[in-house]
Amino acid sequence: MKHHACITIGINQYQYLQPLSYAQRDAEALQSFLVERGGFSPDKSLLMSDTSSEVWGIPTYPNRENLKDWIEAMCKEQLRSGDQLWCFFSGYGLTYEGQDYLMPINGNPADIEATGIPLKFLFENLKEAPTSELLVLLDINRSQGARAGNTVGAATMELANQMAIPTLLSCQPDQVSRETSALRHGFFTAAILEGLNSGQCKTIQNLCHFLSDYLPLLTDQHLRPKQNPVFILNPAGKIDQTLLPEQLPATAAMASHNGNNWINSSPEHKNNGVRPKTTDNQVNIPLKLGQNHTNQKSKKSSNQKTPTQKAHQSSNQTQIDSPAQQNSTQETMSDRSFLQQLILWSGATALLLLLGVFYTNRSIFLGQNTAEPVSTAPIELVEDSSSTSGSEPNSNSTSTNNETTQTPQANSEVLLERSKASLQSASASSFSNAITIASQIPPQDPFYPTAQENIERWGQTILDIAEGRAKAENFSDALAAAKLIPQSSRPIYEQAQLQIQKWEQKQQEIEKSFAPVKAAQAGIKPGQASSYNNGITELRKIQSDEISYPQAQQLIAQWSAEILTIAQSRAQNKQFESAIQAAKLVPTNTSSYDAAQKAIANWQTQLKANNNDQNN
């Protein structure tokens, strides 16, 4: 029986990089869809995130060691010929000495080689798997520190092409993959989920066409820089590989919504890398993950039902009644529910109205004299339950231990501490939030000098972050950070404005230089040789002194090889005339040109022989 398996990885709380907001949610949502609606095997669907549950007593916390162990185990031990495997990653990716790396939760950008996971490691393990039905989806190269260089993804594209593993990247190497609170996902993952949910994406080709159209449109709708996905499909025949099983198994509907489906009965999550306690009802399936990992025998209590068993029991009970009885019962319950809710809400509304009248005229009802209200300065960003500003003073007694009136000085101290507590990450936005809170302390307050010192220091930190991004030629994010520096920090603000002018000019030069590259990439249609040839024609117009020239040359070589691959695929199907036409589109002065000419001669010979056989 063919199994559909997946490894979904999503990391939010990096130890050395700015935290992400929705990478974990991306992985959880895709894994949930594949198992619950896509027909993937629940016992072969692995989720690795900040809070994912253990599997067989083995942690799935996405540090470097666990990720490498699980990738090796899944590829070498859990698959067999004919199975299908999806590998999805949402998080940071960095480049070092020409190699692309996935960054685990403990990955350090200061030591990428020792703490990152080379994409080469992933692709080599996938290549050794006993099945060729593979799909890699990488949402890497995010903003705010993910762009250590502007070529993240180029080495991955070359690897995927060499290893002949279908791979989808979230954006072009010169673009930034982003996430948004409006969708609560990364744009790439949101587009994938939309395509799968639409039912239009039956094959990799369908998904590629959908993402090509929908992802740029989605980023435009949310006023974000455009993302153009990248597809590496070698050989071209894999473009017709199906994505999901044709018939969904009944067990898919009862998969767990949270964590790994291998341990539906284990609700505990990992927190900050600490392994959760082992439950007594874990599933025991042999798995080799090194000498340090041991498997435990499964024990299931006969008196305690798992969530899956409860679902089965509930399903069986409802199936006893006939359809007519079910409809009658549902109609009766619906009528009763409506009347109960109508009475309940009517009573609640009347009670609220009475309470409002009583509160407005409480002095009359209680016989109290009206007093002038105590005026207190509003503090919008402080939520402290001990504060009683705005409460009525007690005329009969002084403040007690349980009820105290908070002074403006106490409010300022709370603001100062709140501003420090808001620094949960070393990001420009985090320091900007701290400045906003501290700026509420008025000049006459005793804590004002301390607040101003902090604001000055935090403003300088934001400028340092911006300059660091500019040195990495990440001018878009450098500009975003520099614009967070407040005008109140006058010297730093003026210095930031000078840098902004310089960086905006640099950014405009880069955008102008890469405009032809983006235009060429936008015209690429997977499986269509002429689109690659047209793109190469446009790229060859880029001069050697332009910033985009190295990437243009790399794409020319890549697209030339892709044209030859398309031609070879057609020749394998005995479509020699079509193969020859495609191979003739391989441009001169490219690494694939000589091979294309030899192939053309060979196919012309075979075509001539076939014609002679037909004539005879």
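Everything quoted here is computed from the prediction, not taken from an experiment.
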Any side-chain to backbone donor/acceptor pair from Gln551 onto Pro173? Under 3.5 Å, distance only. no
Any side chain to side chain donor-acceptor pair (under 3.5 Å) pairs touching residues 213-229, not counting sequence neighbours? Gln175-Asn228
What do the steps show when you test Ile536 against Ile563 for side-chain contact (heavy atoms from CB on, under 4.5 Å), and what is the final call? CA-CA 11 Å; Ile536 291 172; Ile563 294 173; 4.1 Å; yes
Test your reading of the model: is there a side-chain donor-acceptor pair from Asp477 to the backbone of Asn474, 3.5 Å cut-off? no
Test your reading of the model: is there a side-chain donor-acceptor pair from Ser32 to the backbone of Ala29, 3.5 Å cut-off? no
Sub-4.5 Å side-chain heavy-atom contact between Asn533 and Val586: no
Using 0.5 Å steps for rounding, measure from the CD atom of Gln543 to the OG atom of Ser548. 10.0 Å
What pairs of donor and acceptor atoms, side-chain ones from residues 106-113 against any protein atom, are under 3.5 angstrom apart with sequence neighbours left out?
unit_1, atom_1, unit_2, atom_2, d
Asn106, OD1, Arg64, N, 3.1
Asn108, OD1, Ala110, N, 2.9

Please work out whether the ring planes of His4 and Phe40 are parallel, tilted or perpendicular, with thresholds of 30° and 60°. tilted
Is atom CZ of Phe33 surrounded by more than 12 heavy atoms (other residues, nucleotides or ligands) closer than 6.0 Å? yes
Under a 3.5 Å threshold, yes or no: a donor from one side chain and an acceptor from the other, between Arg37 and Asn197? yes
Roughly how far, to the nearest 0.5 Å, is the CG atom of Leu85 from the CG atom of Leu79? 5.5 Å
Quick one: does Tyr14's side chain get under 4.5 Å of Met103's, heavy atoms only? yes
Can you tell me if Thr60 uses its side chain to pair, donor with acceptor, with the backbone of Ser53 under 3.5 Å? yes
Given Lys76 and Asn125, is the side-chain contact (heavy atoms from CB on, under 4.5 Å) satisfied, shown in steps? CA-CA 8 Å; Lys76 297 179 181 179; Asn125 276 275; 3.5 Å; yes
Run the side chain to side chain contact (heavy atoms under 4.5 Å, CB included) test against Asp240 and tell me which residues pass, sequence neighbours left out. Gln205
Under 3.5 Å, is there a donor-acceptor pair between the side chain of Ser513 and the main chain of Ile510? no
With a 4.5 Å limit on heavy-atom distance, are the side chains of Ile11 and Tyr92 in contact? no
The reported gap from OH in Tyr532 to CG in Leu539 (rounded to nearest 0.5 angstrom) is 12.5 Å
Hey, mind stepping through Tyr22 and Thr189 against side-chain contact (heavy atoms from CB on, under 4.5 Å) and telling me if it holds? CA-CA 10 Å; Tyr22 303 111; Thr189 305; over 6 Å; no
Give the minimum heavy-atom separation between Thr167 and Ala160, together with the two atoms involved. OG1-CB, 3.3 Å
Can Asn206 and Thr203 be counted as having a side-chain donor-acceptor contact under 3.5 angstrom? yes
SB check Glu133 Lys2 (cutoff 4.0 Å): yes
Listing request: all ring-ring contact (aromatic ring centres under 6.0 Å, His included) pairs with a residue in residues 98-133, at least two apart in sequence or in separate chains. none
Minimal non-hydrogen separation, Phe188 against Leu138, with atom names: CE2-O, 4.0 Å
Can you tell me if Gln505 has over 12 outside heavy atoms packed within less than 6.0 Å of its CD? no
Are any non-hydrogen side-chain atoms of Ile239 and Pro526 less than 4.5 angstrom apart? yes
For the residue pair Asn66 and Asp69, confirm or rule out a side-chain donor-acceptor distance under 3.5 Å. no
Could you give all pairs that pass the side chain to side chain donor-acceptor pair (under 3.5 Å) test and reach residues 564-581, with sequence neighbours left out? Arg570-Ser578
Is it true that atom NZ of Lys120 has more than 12 heavy atoms of other residues, nucleotides or ligands lying nearer than 6.0 Å? no
Enumerate the side chain to side chain donor-acceptor pair (under 3.5 Å) contacts for residues 515-528, please, sequence neighbours excluded, ordered by first and then second residue. Gln172-Gln521, Gln528-Ser530
Can you check side chain to side chain donor-acceptor pair (under 3.5 Å) on Gln162 and Glu158, steps first, answer last? CA-CA 6 Å; Gln162 292 175 356; Glu158 184 176 350; 3.3 Å; yes
Is any side-chain heavy atom of Leu211 less than 4.5 Å from a side-chain heavy atom of Phe231? yes
Heavy atoms, side chains only, cut-off 4.5 Å: are Leu555 and Met157 in contact? yes
Hydrogens and angles aside, do Thr51 and Gln24 bring a side-chain donor and acceptor to less than 3.5 Å of each other? yes
Just by distance, do the side chain of Ser181 and the backbone of Arg184 share a donor-acceptor pair under 3.5 Å? no
Phe88: which of Leu34, Asp26, Ile9 passes side chain to side chain contact (heavy atoms under 4.5 Å, CB included): Asp26
Give the C-alpha distance, both sets of side-chain angles, the deciding distance and a yes or no for side-chain contact (heavy atoms from CB on, under 4.5 Å) between Thr590 and Ile556. CA-CA 8 Å; Thr590 61; Ile556 288 172; 4.0 Å; yes
Donor-acceptor contact present, side-chain Asp100 to main-chain Leu119, <3.5 Å: no
Examine distances only and state if a side-chain atom of Ser170 and a backbone atom of Asp139 form a donor-acceptor pair shorter than 3.5 Å. no
I need the Ser45 OG to Gln31 CD distance, nearest 0.5 Å. 5.5 Å
Test item: side-chain donor near acceptor, Glu562 and Gln558, under 3.5 Å: no
Could you state the interatomic distance from CD (Glu511) to NZ (Lys506), rounded to the nearest 0.5 Å? 14.0 Å
Hey, could you give me the OG/NE2 distance between Ser90 and His185, rounded to the nearest 0.5 Å? 10.0 Å
Any salt bridge linking Lys541 with Glu538? Criterion: basic side-chain nitrogen under 4.0 Å from a carboxylate oxygen. yes
So do Gln604 and Ile580 actually touch side chain to side chain, heavy atoms under 4.5 Å? yes
Less than 4.5 Å apart, any side-chain heavy atom of Met163 and any of Leu126? no
